[in-house]
2 protein chains.
Amino acid sequence: MIRLLLADDEELLRGALCSLLDLENDLQVVAQAATTTDTVRLAAQHRPDVAVLDLEMPPTDGLHAAAQILAGADGTPPRIIIVTRHARPAVLRRALAAGVSGFVPKSTPAARLAQIVRDVAVGHRYVDPEIAASALTENECPLSDRELEVLRAARTGAQVSEIAAAVHLAPGTVRNYLSSAMAKLGVATRHAAAHRAWEEGWI
Amino acid sequence: MIRLLLADDEELLRGALCSLLDLENDLQVVAQAATTTDTVRLAAQHRPDVAVLDLEMPPTDGLHAAAQILAGADGTPPRIIIVTRHARPAVLRRALAAGVSGFVPKSTPAARLAQIVRDVAVGHRYVDPEIAASALTENECPLSDRELEVLRAARTGAQVSEIAAAVHLAPGTVRNYLSSAMAKLGVATRHAAAHRAWEEGWI
DNA sequence: GGGCCCTGATGACATCTGTCATACGAGCTG
DNA sequence: CAGCTCGTATGACAGATGTCATCAGGGCCC
């Protein structure tokens with residue numbers, strides 16, 4: 001019997017997946033969570049074999065939760081499967097770096113999930129083939145850490161002075177980073193750059 | 001037997017909901033769609049009793065699909081339930097104006113969906129109580145149609161000239177609309193205004 | 001130590017943005 | 001008809017933004 005932890009902030013999806021997976025008679029959902037904090041707590045408490053985590057979850061995100069679970073486990077940590085709607089190569093890279101075993105976009109047929117869970121439970125890794133292919137062909141994120149940082153701060157439409165305060169840099173420096181990020185992305189405004197970087201899964 | 005059309009671009013959710021609802025022995029999923037065009041086509045072809053539509057679907061959205069289904073039906077049109085993650089009062093208003101019978105956020109427990117489908121099938125309407133309460137207390141969108149239009153075009157970080165081209169207005173006029181929208185929303189940049197309007201579900 | 005790259009910072013300059021006053025025509029209201 | 005509002009447009013101006021050259025300090029390699 002494979003013991004599962006299911007984490008997703010959307011009750012509808014989590015509930016539907018729960019009953020779907022519980023139908024399989026070698027799978028058992030032992031805990032459910034809607035937040036990353038609950039996820040980490042319940043993983044430590046129930047020690048599931050496999051944790052299926054949505055990437056987009058408050059208050060942080062699935063990757064943070066995965067890292068915490070893997071770091072905090074004494075003994076063998078659970079295998080972790082990340083499920084996401086925002087399935088971009090860059091996100092896949094970050095997920096694999098965090099040590100997750102499975103990466104599944106929400107465009108995967110529901111029927112296949114149970115099999116992926118079984119594969120991962122016995123130690124295999126599963127990565128959506130489509131995204132894996134993109135990750136191998138698409139170019140890396142061209143932006144530096146600082147550039148990503150200022151773009152993150154620019155996402156809500158803030159002015160330079162606000163961004164500068166948020167990242168603890170001089171306003172002029174922020175403008176330089178924004179400028180180089182825009183040049184790298186081939187766009188004309190910081191906001192277009194932030195939008196683009198977000199779409200690509202870089203921030 | 002209640003005949004259902006299920007439309008959602010996420011296979012995972014659609015598949016999970018499908019098996020969940022099929023488990024109920026008075027419900028039967030007769031068609032599934034991942035795009036709004038398929039949704040409209042299959043609704044005409046299968047004439048389901050209830051259509052469960054995700055709001056966020058390519059290439060248009062669930063509300064467009066709902067309007068087309070209701071307009072195109074000869075005889076009694078299907079009852080329509082909109083499911084959405086982005087459940088804001090403004091969206092609810094637009095949905096009700098389009099003639100849908102049910103409005104369900106994705107935070108609804110999966111187990112309750114079957115009952116909502118049954119209620120709607122016999123002619124009741126169902127609106128998530130939480131959102132309905134917000135819709136009654138929260139203030140209306142203060143923006144005019146033109147303001148919303150330019151903000152929509154501004155969302156990707158475009159410059160004034162691009163926005164002007166997109167909405168077929170003079171650049172100066174676009175700036176006036178952006179300016180008044182920013183004033184109404186109490187923000188300092190067009191991008192912050194667009195971000196805000198998006199969060200509120202206005203664009 | 002001397003050179004070299006990297007990060008963060010500054011200042012100057014052209015351009016873009018946000019604000020505001022104003023204008024003009026369409027439609028409506030008295 | 002005169003007066004009014006509304007949508008659209010223009011021009012002017014201050015301030016914000018994007019670009020670029022340049023500089024100071026800190027590691028790092030020879």
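No experiment lies behind these values; they were computed from the predicted model shown. Every chain is numbered from 1 and lettered A, B, ... according to where its sequence line falls, protein lines coming before strand lines.
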Interatomic distance where NE2 belongs to H168(B) and C1' belongs to dA9(D) [whole Å]
17 Å
Show me, pair by pair, the donor-acceptor contacts under 3.5 angstrom made by side chains of residues 169-176 of chain A, not counting sequence neighbours?
none

Could you list all N or O pairs between the protein and nucleotides 15-18 of chain D that sit under 3.5 Å apart?
{"from": "dT17(D)", "atom 1": "OP1", "to": "R190(A)", "atom 2": "NH1", "distance (Å)": "3.4"}
{"from": "dT17(D)", "atom 1": "O5'", "to": "R190(A)", "atom 2": "NH2", "distance (Å)": "3.3"}
{"from": "dT17(D)", "atom 1": "O3'", "to": "R190(A)", "atom 2": "NH2", "distance (Å)": "3.4"}
{"from": "dG18(D)", "atom 1": "OP1", "to": "R190(A)", "atom 2": "N", "distance (Å)": "3.2"}
{"from": "dG18(D)", "atom 1": "OP2", "to": "R190(A)", "atom 2": "NE", "distance (Å)": "3.1"}
{"from": "dG18(D)", "atom 1": "OP2", "to": "R190(A)", "atom 2": "NH2", "distance (Å)": "2.6"}
{"from": "dG18(D)", "atom 1": "N7", "to": "R175(A)", "atom 2": "NH1", "distance (Å)": "2.5"}
{"from": "dG18(D)", "atom 1": "O6", "to": "R175(A)", "atom 2": "NH1", "distance (Å)": "2.8"}

Residue pairs involving residues 31-65 of chain B (criterion ring-ring contact (aromatic ring centres under 6.0 Å, His included); sequence neighbours excluded):
none
Restricting to nitrogen or oxygen on both sides, can you table the protein-nucleotides 4-8 of chain C pairs closer than 3.5 Å?
{"from": "dG8(C)", "atom 1": "OP1", "to": "R146(A)", "atom 2": "NE", "distance (Å)": "2.9"}
{"from": "dG8(C)", "atom 1": "OP1", "to": "R146(A)", "atom 2": "NH2", "distance (Å)": "2.7"}
{"from": "dG8(C)", "atom 1": "OP2", "to": "R146(A)", "atom 2": "NE", "distance (Å)": "3.1"}
{"from": "dG8(C)", "atom 1": "OP2", "to": "Y177(A)", "atom 2": "OH", "distance (Å)": "2.3"}

Check the interface with nucleotides 23-28 of chain D: list each N/O to N/O pair with the protein under 3.5 Å, or write none.
none

Please list every donor-acceptor pair under 3.5 Å in which a side-chain atom of residues 30-39 of chain B meets a protein atom from a residue at least two apart or in another chain.
{"from": "Q32(B)", "atom 1": "OE1", "to": "R14(B)", "atom 2": "NH1", "distance (Å)": "2.8"}
{"from": "T35(B)", "atom 1": "OG1", "to": "T37(B)", "atom 2": "OG1", "distance (Å)": "3.2"}
{"from": "T35(B)", "atom 1": "OG1", "to": "D38(B)", "atom 2": "N", "distance (Å)": "3.1"}
{"from": "T36(B)", "atom 1": "OG1", "to": "T60(B)", "atom 2": "OG1", "distance (Å)": "3.1"}
{"from": "D38(B)", "atom 1": "OD1", "to": "R41(B)", "atom 2": "NH2", "distance (Å)": "3.2"}
{"from": "T39(B)", "atom 1": "OG1", "to": "T35(B)", "atom 2": "O", "distance (Å)": "2.6"}

By side-chain contact (heavy atoms from CB on, under 4.5 Å) - contacts of A153(A) (at least two apart):
I163(A), A166(A), V167(A)
Please output the side-chain donor-acceptor pairs of residues 106-126 of chain A that fall under 3.5 Å, not counting sequence neighbours, one pair per line with the distance.
{"from": "T108(A)", "atom 1": "OG1", "to": "P105(A)", "atom 2": "O", "distance (Å)": "2.8"}
{"from": "Q115(A)", "atom 1": "OE1", "to": "R118(A)", "atom 2": "NH1", "distance (Å)": "3.1"}
{"from": "Q115(A)", "atom 1": "NE2", "to": "D119(A)", "atom 2": "OD1", "distance (Å)": "3.3"}
{"from": "R118(A)", "atom 1": "NE", "to": "D26(A)", "atom 2": "OD1", "distance (Å)": "3.3"}
{"from": "R118(A)", "atom 1": "NE", "to": "D26(A)", "atom 2": "OD2", "distance (Å)": "2.5"}
{"from": "R118(A)", "atom 1": "NH2", "to": "E24(A)", "atom 2": "OE1", "distance (Å)": "2.6"}
{"from": "R118(A)", "atom 1": "NH2", "to": "D26(A)", "atom 2": "OD1", "distance (Å)": "3.1"}

Counterpart residues, side-chain contact (heavy atoms from CB on, under 4.5 Å), relative to V187(A) (two or more places apart)
M182(A), L185(A), A192(A), A193(A)
Donor-acceptor pair, E199(A) side chain versus R196(A) backbone, under 3.5 Å?
no
Are the side chain of D49(A) and the backbone of R79(A) linked by a donor-acceptor contact shorter than 3.5 Å?
no
Pairs where residues 74-115 of chain B contributes a residue and the test ring-ring contact (aromatic ring centres under 6.0 Å, His included) is met, not counting sequence neighbours
H86(B)-W198(B)
Select from G172(A) and G172(B) the residue whose nearest nucleotide in DNA chain D is closer to the 5' end of that strand.
G172(B)
Scan for ring-ring contact (aromatic ring centres under 6.0 Å, His included) pairs involving residues 155-196 of chain A, sequence neighbours excluded, and state none if there are none.
H191(A)-H191(B)
Sub-3.5 Å donor-acceptor pair from the side chain of E200(B) to the main-chain atoms of A197(B), do we have one?
no
Tell me, what's DNA chain C's dot-bracket, Watson-Crick or G-U with both distances under 3.5 Å, | for other-strand, [ ] crossing?
||||||||||||||||||||||||||||||
K184(A) side chain vs P142(A) backbone, donor-acceptor pair below 3.5 Å
yes
Using a strict cut-off of less than 4.0 Å between a Lys/Arg side-chain nitrogen and an Asp/Glu carboxylate oxygen, indicate whether E56(A) and R85(A) qualify as a salt bridge.
no
